[in-house]
Each structure stands twice: as C-alpha cells, then as structure tokens.
Colleague: 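Take a look at this one; I'll ask things after.
Numbering starts at 1 and runs along the sequence shown.
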Amino acid sequence: MEVLVQALQSGVDAASAVRHALRQNTSLQGTDETHAALGVTAGSANESLTIFQDALLIWPGSAALQHQLACRLVAHYAERRAPGAIVDAASLFAAAAGIDETGRAVVAHGASRLHATLVQMQPDWPVLLPTLLNDGIEECNWRDYEHLVSAALRTLRGFDWQLRVPLLHLYYYPFAAGFAGPALLRAHSHAAARLLAAAACHPTHMGRAAPAVIGGRLRLSYVGADWREHVTLRLLLQVLVLHDRRRVTVDCFALNAERSPSPLRRAAAAACDRFVDLSAEHDGMAAARLAADAQLVLDVNFRKTGRPARSGVVVGCRPPLLVSLLAHPGSSGSTHHYVVTDRASTAPSAARWFAERLALLPHHYQPNSHAAQNAAQNAAQNAAQNAAQNAAHPVAPSRASAGLPSRSAVLAYSGSPAKLTPQTLQLAVGSLAAAGSTRLWLVGYPLAPQDSSQSPGHAAAQRDARLVAELAACGLSSRRVQIGRLLPAANHLARAGLADAHIDSLPYNAHSTAVDVSFATVPHLTLSGETMHSRVAAALIAAIGLPQGSHASLRAVEDTVRSVLSSRSGYMSLGDHTPLAKGVTSETASKLQIPLWPYAD
C-alpha cells in the first residue's frame, strides 16, 4: 500500500501508479489489500476499467483481478444493457473461478467452493449463481436450491440468456409453465451466433466439393465427437448397418480419438462405407475437410460436457444441408436446417421454439432395436470384458447379486444422478410411503473430483451420501435405499429387469434409459412436459404400445407407482425368466424386437 501511495503522490495518473505499485510489490497480488488499493485509485468508471485492464496485462492469471475487472464491467455497462460487456464479464468471472473453454470447472480449484467464495465477494452481482447452481446439479447438492434457481433464472433472463453457461444444464432447470421453450431457444440462439461468428474466421474452401449423389446413391455424412462406448452410438450403430446401400453411401467423420478403439467404435467404422478420423486436425482444417467432402451432414454430436465437443467443426463446414440427429433434444439455435424428431416428442405447438424445420418421423425419432444390438454387440463386448468381471457380474444377474431383496417390491431409477431434483426425490419417497418393505434402487455414476486432493471415487461417494441423506430427510430410511455401481452396457441392460417399476426424472426425463427398462419389460412411469427434453420418454413408451405409463400430473405418477408396487403386477414370468410387464401385448413385444423407425427409408 505504501508503494502505491508514494506513486500517487509523485503526480502520475492512477493507472500508472497501480502499474508501478504492482510491479514493485508482487506480494500484493491476490490479497484483500490489492482489492482495496485498486478500488480507491479509480477516479471514474473508465479509469477503473483501465486500471484493472493494465493490471491484468501484468498478471494475466490473477483470479482476483479477473473477478474485479468483471465486476467493474458489470457496474459500468449494466445500465446500458451492453451484451458484449456482459459476455466479457461472464468470461472473466469464469476465468476467475477456474472454468475452462468447455464450461466445466478446472478440477484443481475445487469449483463449488471457489464459486461460492466469489459470490460472497460480490453479492450484488449474481452472474456466478448459474454456475454455482450447475455445480449443485452435477453433485446433487441442493443447498439453497430454490433460491439459486430463482436467482439464476432472474440473472439469465435479465441479460436475455446471453451469459455463457453449459447449455445442457438449462434442460435441468425447473422452468415455470410456458417459459422453458422460449428460454432454451434464446440461449441456443446466442450460442449459435457465437459459433457462426467463429466459423466465419476459418476458410472452408479446399477445391471443388464432392457431389451429393454418386452413381445414383445419396451421400450421407455422419459427424460427431463421441465415437466411443456410449449409449447414443449404440443406437446409431443400427442406423449405419441397416441403410439401404442401393440408395445411399455412408461416410462417418470422427472428431475424437481413442487410444485403444472400443469394440463399438470398431463396429461403427465397419458399418460405414468410409470412416474418416479428423481428431488430429484443428477445427478450421477439419471444417474445411468436411466442406470438401460432405453435402448432407447429419450431426450426431451428442457430447455435451467434459472434453471439447468441437461443435464449431460441424457448423463451420457450412454444408448445403445440416441435420441434427440425436445431437440434443431441442433447437440448435439456427446453425442447422432440420431437427429429426416426432409428433409425440415435439408437439406441433412447440414448433415455434425451434429455429430449424422439423423432420417428423412416424413413430419415434430414436432408433431403438435392442434385439439387433444384442446379437451384434454382445459377443464383442463379452469377449472384451475381463473374465473376473463377468464372474462377478453375470449377464443374467439375480436380485441377490445386485444386493436387492428377493420378495420386496423395488422401485428403480437408473438415469444420471444429475437429472434428479428435490421434486423427483419427493415423488419417489411419496410413492414408497405406503409400503414399509419396498426399496429404492439407484445407480451411482462416476463424477469428476472437485479438488486435486480427492481420490477418483471420492466426489461420487460424497454425492451418493448426499442423496441418501436427502432421502432420509424426506422420510425414506437409508436401509431402504440401494445404490448400485454403473456396469458395462450389456450387464447394465441385463439387470434392468430386476425392478418392479422405473420412475422418471423431471423436467429432463429419460431418453435411452426409458427404452432400456421398457425392453426389460419394466413399467416406466413418466410425467409428460411441454418441451422436447421432457416428452421423449412419454413418446417412447407410447411408440411401443405402453402409453399408460405416461401421466399428466405428479399425483397420477405417484398413484400408479403405488399400484404397481403394491400388487407386484409388473412381473409375470416367461419360460426363460425374462420379466414381462402386465399389459404388454404380443404386438408390443414385437415392437421391442424391431426398429422404431425404418432406417432404410
């Protein structure tokens, strides 16, 4: 502080004084004294911005300076509602909190703790509240949940959804009726504008583009950054296999690499006429390669978090026709021409919440064919699995092997814990209240640690403990809660039939999970919402002939769960002990063995 005072007394301007003081005394950096010193030197808002910008040139990695400059940007520009300044401020807040370009917290910083600290440092500007809420979603930490939801939505609305938050998490927000569709469209539209602006900086011309039709066959180009063992790629595999090669050729472009290609990636590559690995190309070059090769691009980029999704590559190639297929359950915000969906998942009244045209399939947009998948994949997957693992987790498990009671009714939820909300837990507890011996069966998914000192499983164990405690607070004893670990796909599907009923999450409900449990002939009970991400499960079970699993109110879902669990009517046994849900007709059973939409067409 004395160095700063001496510099100011020498007659230099405040910005120069700060620069001189910080250079002379680097120990000031990141302390409360630094904050005070920088704040008191500003004679005007513009001068304040200059001071902090200059200071960041000296120490570009300072979280404290990034945070302070972000606060000044907000204070200076909030009245003018200048979106550019607000986006810059949000980026600085993210940098101060240790957020990388994918929107995820850098592990070494302990993101939740740091976000909470930053919110306390600047309580009058809640731009960090959406990030803090997102941390809670991933960790099932619902402390001050209602306040955080309200504050985060208020903040995002106040800046017209231009603040950069992980778009996937917006699907988890409990919007009021009529608000989800417009909000999601606005947020994705702003994200699309940023992608398009970035793509405009990369030239995509590499000579004459490849023809869209070769030898009378239409060229289809599937592009994605998640060609690995993944549930959505398992669905897509059968699309690749069953295309009518008399009418189309199939090219697949992988934007990700695998050190050791998984059996599923190898199967996908074998199902294509051409499999091109673009993982080593930077985004601009990869987009240029696509622009030269692809005319009709099907975006199957279903990676939402974690490693970079490389969405700019798909957008940057600017093909004549770009179609979103299984990419995410909603609008891309103007980067695509079509979204593949169906009339049940996307009601006609919801078309106004899409920037694209809707390609409506007759039954369901999700291509499910478990019988074909099992025939093609089980052999490869079983061969790849460790023999000891197979011994510990047999393909045909019993309830005892899963730690479940043999005689009590079991209500399952096998989706991602991040999709759970306090409302979902209360629904589950209310459904189990009438019968004291029933069990709730959850699946524990991996979770990246929030601090470098944590072991890999520590964060997931903490989340699971929070879930058990939250359920106990709602009235469900920990003795009635079973959390099983996530198993490889074949084993995970094999044990799904051990439950009597499966409850859905809301507002972001089950998608592939809904068909997994339905294939196991376990009743999947869901609440149908307004937007695509909250209607997919209802559409799926209707497509296979079980519309009675879809409900219009939480009370109706709870009543149905109680009825199924009390009567145990969800189980009738076939000769091979495969569980069969009551009410599944032979026609419905046949639908579980065939694709839900005609791949060849």
Colleague: Assess whether side-chain contact (heavy atoms from CB on, under 4.5 Å) is satisfied between N509 and H533, documenting all intermediate values.
Modeller: CA-CA 7 Å; N509 61 34; H533 71 283; over 6 Å; no
Colleague: State the CG-CD distance between L233 and Q238, to the nearest 0.5 angstrom.
Modeller: 10.5 Å
Colleague: Does the side chain of L278 reach to within under 4.5 Å of the side chain of R289, using non-hydrogen atoms?
Modeller: yes
Colleague: List in chain and number order the residues that pass side chain to side chain donor-acceptor pair (under 3.5 Å) with S528, two or more places apart in sequence or in another chain; answer none if no residue qualifies.
Modeller: none
Colleague: Taking atom types as modelled and ignoring hydrogens, do the side chains of Y173 and N134 form a donor-acceptor contact shorter than 3.5 angstrom?
Modeller: yes
Colleague: Where do S334 and L196 come nearest, in terms of heavy atoms and distance?
Modeller: OG-CD1, 4.1 Å
Colleague: Taking S345 for the side chain and T341 for the main chain, is one N or O donor matched with an acceptor at less than 3.5 Å?
Modeller: no
Colleague: First locate atom CD of E258, then atom CD of E229, and finally report the distance between them rounded to the nearest 0.5 Å.
Modeller: 9.0 Å
Colleague: Just so I know, are the side chains of L264 and R228 near enough to count as touching, which here means a heavy-atom distance under 4.5 Å?
Modeller: no
Colleague: Specify the closest pair of heavy atoms between W353 and G181, including all atoms of both residues, with the distance to one decimal.
Modeller: CD2-CA, 3.4 Å
Colleague: Looking at every non-hydrogen atom in both residues, tell me the closest pair between A291 and Q295 and how far apart they are.
Modeller: O-NE2, 4.5 Å
Colleague: Assess whether side-chain contact (heavy atoms from CB on, under 4.5 Å) is satisfied between V340 and L298, documenting all intermediate values.
Modeller: CA-CA 10 Å; V340 176; L298 295 111; 5.6 Å; no
Colleague: At their closest point, which heavy atom of S311 faces which heavy atom of L195, and how far apart are they?
Modeller: CB-CD1, 4.0 Å
Colleague: So, the side chain of T424 versus the backbone of L420: is there a donor-acceptor pair under 3.5 Å, distance only?
Modeller: no
Colleague: Determine whether a donor-acceptor pair (N or O, by modelled atom type, separation under 3.5 Å) exists between the side chain of S534 and the backbone of T531.
Modeller: yes
Colleague: Under a 4.0 Å threshold between the charged nitrogen and the carboxylate oxygen, would E530 count as salt-bridged to R535?
Modeller: no
Colleague: Begin with the C-alpha distance, continue with both residues' side-chain angles, and end with the deciding distance and a verdict on side-chain hydrogen bond (donor to acceptor under 3.5 Å, both in side chains) for D299 and H336.
Modeller: CA-CA 9 Å; D299 178 10; H336 294 56; 2.8 Å; yes
Colleague: With sequence neighbours excluded, give me every salt bridge (Lys or Arg N to Asp or Glu O under 4.0 Å) pair touching residues 173-188.
Modeller: D160-R186
Colleague: Verify whether the ring centers belonging to H328 and H188 lie closer than 6.0 Å.
Modeller: yes
Colleague: For D277 versus S279, what's the shortest heavy-atom pair and its separation?
Modeller: OD1-OG, 2.6 Å
Colleague: Which class fits the ring pair W227 and F275: parallel under 30°, tilted 30 to 60°, perpendicular over 60°?
Modeller: perpendicular
Colleague: Ignoring hydrogens and geometry, is there a side-chain-to-backbone donor-acceptor pair from R463 to E138 under 3.5 Å?
Modeller: no
Colleague: Give the intermediate values and the outcome of side-chain contact (heavy atoms from CB on, under 4.5 Å) for residues L493 and F519.
Modeller: CA-CA 9 Å; L493 293 173; F519 175 75; 5.9 Å; no
Colleague: Can you find a pair of side-chain heavy atoms, one from L290 and one from V223, that are under 4.5 Å apart?
Modeller: yes
Colleague: Quick one about H363 and D342 (side-chain donor to acceptor, distance below 3.5 Å, no hydrogens or angles considered), yes or no?
Modeller: no
Colleague: Output the distance between atom CG (L326) and atom NE2 (H511), rounded to the nearest 0.5 Å.
Modeller: 11.0 Å
Colleague: In chain order, what residues pass the side chain to side chain donor-acceptor pair (under 3.5 Å) check against S416, with sequence neighbours excluded?
Modeller: none
Colleague: Which pair of non-hydrogen atoms, one from A191 and one from L167, has the smallest distance, and what is that distance?
Modeller: CB-CD1, 3.7 Å
Colleague: Can you label the angle between the H169 ring and the Y172 ring as parallel, tilted or perpendicular, going by 30° and 60°?
Modeller: tilted
Colleague: Show the numbers, then the answer: is there a salt bridge (charged side-chain N to carboxylate O under 4.0 Å, His left out) between R217 and D273?
Modeller: CA-CA 12 Å; R217 295 189 298 168; D273 295 299; 5.1 Å; no
Colleague: Give, for atom CG of L296 and atom CG of L321, the distance between the pair rounded to the nearest 0.5 Å.
Modeller: 4.5 Å
Colleague: Say whether, by atom type as modelled, one donor and one acceptor occur between the side chain of R352 and the main chain of S349 under 3.5 angstrom.
Modeller: yes
Colleague: Which residues pass the salt bridge (charged side-chain N to carboxylate O under 4.0 Å, His left out) test with R246, not counting sequence neighbours?
Modeller: D244
Colleague: With sequence neighbours excluded, what pairs up with R274 under the side chain to side chain contact (heavy atoms under 4.5 Å, CB included) test?
Modeller: R219, D251, F253, V276, D293
Colleague: To the nearest 0.5 Å, tell me how far D504 CG sits from T526 OG1.
Modeller: 3.5 Å
Colleague: Apply side-chain contact (heavy atoms from CB on, under 4.5 Å) to residues H364 and V536 and explain how you reach the verdict.
Modeller: CA-CA 9 Å; H364 197 273; V536 172; 3.9 Å; yes
Colleague: To the nearest 0.5 Å, tell me how far C252 SG sits from R265 CZ.
Modeller: 10.5 Å
Colleague: Between V149 and P174, is any pair of side-chain heavy atoms under 4.5 Å apart?
Modeller: yes
Colleague: May I ask you to check whether over 12 heavy atoms, not counting those of F179, lie within 6.0 Å of atom CZ?
Modeller: no
Colleague: Would you call L325 and Y222 a side-chain contact if the rule is heavy atoms closer than 4.5 Å?
Modeller: yes
Colleague: Using side-chain heavy atoms (C-beta onward) and a distance below 4.5 Å, is Y338 in contact with L322?
Modeller: no
Colleague: Between side-chain atoms of residues 354-362 and protein atoms elsewhere (two or more places apart, or another chain), which donor-acceptor pairs fall under 3.5 Å?
Modeller:
{"unit_1": "E356", "atom_1": "OE1", "unit_2": "S331", "atom_2": "OG", "d": "3.0"}
{"unit_1": "E356", "atom_1": "OE2", "unit_2": "S331", "atom_2": "OG", "d": "3.3"}
{"unit_1": "E356", "atom_1": "OE2", "unit_2": "S332", "atom_2": "N", "d": "2.5"}
{"unit_1": "E356", "atom_1": "OE2", "unit_2": "S332", "atom_2": "OG", "d": "2.4"}

